[in-house]
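Scroll down for the structure; my scribbles are underneath it.
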Amino acid sequence: MSPRGVTTPDVRELLFNAAERVLEREGPGALTSRAITGEAGCAKGLLHAHFSGLDEFVAELVLDRFARVARHAEELRGRVGRGTVAKNLLGIALALLSSAGPTVAGLALARPAASLRIRAALEGGAPGFDTVQDAITDYLDAERQGGRIAARADTASAALALVGTLHHLLMTGGHDRRNAQERAGQLVALLEAALRRGPDDFTGEPARGTATDTV
């Protein structure tokens, strides 16, 4: 999945940012190489000078945004014992919804060739949802060891619930990013309450605070 030319990071990011702006403003149907380079203010042939075509470009864009979120998730270890658990989980949730937003994720689904490239890269070890899920589990394990969540809290299930819901929101959220963010916040509040109480101490009573007012 290598570009035909050697693309400098600045050029990649210039084109990726331009593509995201086109997607946000006009939707997947408007994304063409001409629209991307026009938005970026660069030569019309620049995209094809560095990528074999639009499908490869889209695949690289999605994978780049996944990698960005994965790096953010791995930084959760540095947040152990700091802030609140809800704030830290909400931070990674919002990062995923922003960096691999619904328009970008939906674009990949609309382009089968790009989807195949993405799947092959993920199967080959490129960072994806599994990477983020593992990083969240590791973070919650550390918080459990530090006593900030219950000793018997099911950290793996909490991470799966969060990442699975975010995946669903990315695939079905359309352009309603605010609604997706609100839903993510509601889920984080529920998960944080369950993690604090653990399986032996969950009474079903609503926990005090939400993801927004415990941040």
Side-chain angles (χ1 to χ4, degrees), residues 1-75 91-133 135 163 165-184:
M1 188 129 80
S2 300
R4 290 188 300 175
V6 178
T7 311
T8 66
D10 287 346
V11 172
R12 278 177 65 92
E13 195 61 25
L14 175 71
L15 295 173
F16 288 166
N17 288 338
E20 288 181 319
R21 291 194 298 272
V22 173
L23 286 168
E24 285 291 324
R25 187 174 62 244
E26 303 177 49
L31 195 71
T32 64
S33 58
R34 183 183 294 272
I36 294 166
T37 53
E39 180 71 24
C42 59
K44 295 178 181 178
L46 185 63
L47 187 149
H48 290 282
H50 296 293
F51 299 92
S52 63
L54 193 57
D55 285 323
E56 182 180 40
F57 174 83
V58 168
E60 291 287 350
L61 169 60
V62 173
L63 291 168
D64 181 87
R65 282 4 188 187
F66 274 143
R68 176 185 293 181
V69 177
R71 290 192 297 270
H72 189 92
E74 289 167 357
E75 292 172 358
I92 187 60
L94 296 181
L96 184 54
L97 290 173
S98 175
S99 294
T103 50
V104 175
L107 175 66
L109 290 178
R111 302 188 69 90
S115 294
L116 288 174
R117 288 176 179 271
I118 294 167
R119 185 177 298 113
L122 293 175
E123 291 174 351
F129 284 108
D130 287 346
T131 309
V132 175
Q133 182 177 326
V163 173
T165 300
L166 293 172
H167 181 273
H168 171 74
L169 291 173
L170 285 169
M171 295 299 106
T172 64
H175 293 282
D176 195 351
R177 178 172 294 179
R178 175 171 294 184
N179 180 61
Q181 292 173 342
E182 289 177 354
R183 286 186 163 190

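In this chain, residues are counted from 1 in sequence order. Reckoned from all heavy atoms, side chains included, excluding hydrogens, waters and symmetry mates.
- Listed for the D64 side chain is no donor-acceptor partner under 3.5 Å among the backbone atoms of E60.
- To the nearest 0.5 Å, atom CD of residue E56 and atom CG of residue L63 are 10.5 Å apart.
- What you find for R111 and V58 is that their closest heavy atoms are CD-CG2, 3.9 Å.
- If you take CD1 on I92 and CG on L166, they are separated by 9.0 Å, rounding to the nearest 0.5 Å.
- Shown here are the ring-ring contact (aromatic ring centres under 6.0 Å, His included) partners of H72, two or more places apart in sequence or in another chain: there are none.
- If you take CG on L96 and CZ on F129, they are separated by 5.0 Å, rounding to the nearest 0.5 Å.
- Here the closest non-hydrogen pair linking A113 and D55 is CB-OD2, 3.3 Å.
- Rounding to the nearest 0.5 Å places CD of E20 at 10.5 Å from CG of L31.
- Of all heavy-atom pairs spanning P127 and A67, the tightest one is CB-CA, 4.1 Å.
- For the residue pair V22 and A30, the shortest heavy atom distance occurs at CG1-O, 3.9 Å.
- Residues A184 and L97 approach most closely at CB-CD1, 4.0 Å, considering heavy atoms.
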Exercise. Tell me, with the steps shown, if F57 and H48 meet side-chain contact (heavy atoms from CB on, under 4.5 Å).
Key: CA-CA 9 Å; F57 174 83; H48 290 282; over 6 Å; no

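- The distance from the OG1 atom of T32 to the NZ atom of K44 is 10.5 Å, given to the nearest 0.5 Å.
- Annotation: salt bridge (Lys or Arg N to Asp or Glu O under 4.0 Å) contacts of R21 (sequence neighbours excluded): E39.
- The CG atom of L61 sits 10.0 Å away from atom CG of L15, with the distance rounded to the nearest 0.5 Å.
- At a threshold of 4.0 Å, the pair R68-E75 does not count as salt-bridged, since none of the basic side-chain nitrogens sits closer than that to a carboxylate oxygen.
- Ring pair F51/F16 is tilted by interplanar angle, where 30° to 60° counts as tilted.
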Quiz prompt | side-chain contact (heavy atoms from CB on, under 4.5 Å) between R183 and T165, intermediate numbers included | solution = CA-CA 9 Å; R183 286 186 163 190; T165 300; over 6 Å; no

Quiz item: Step by step, would you call T131 with E74 a side-chain contact (heavy atoms from CB on, under 4.5 Å)?
Solution: CA-CA 9 Å; T131 309; E74 289 167 357; 4.0 Å; yes

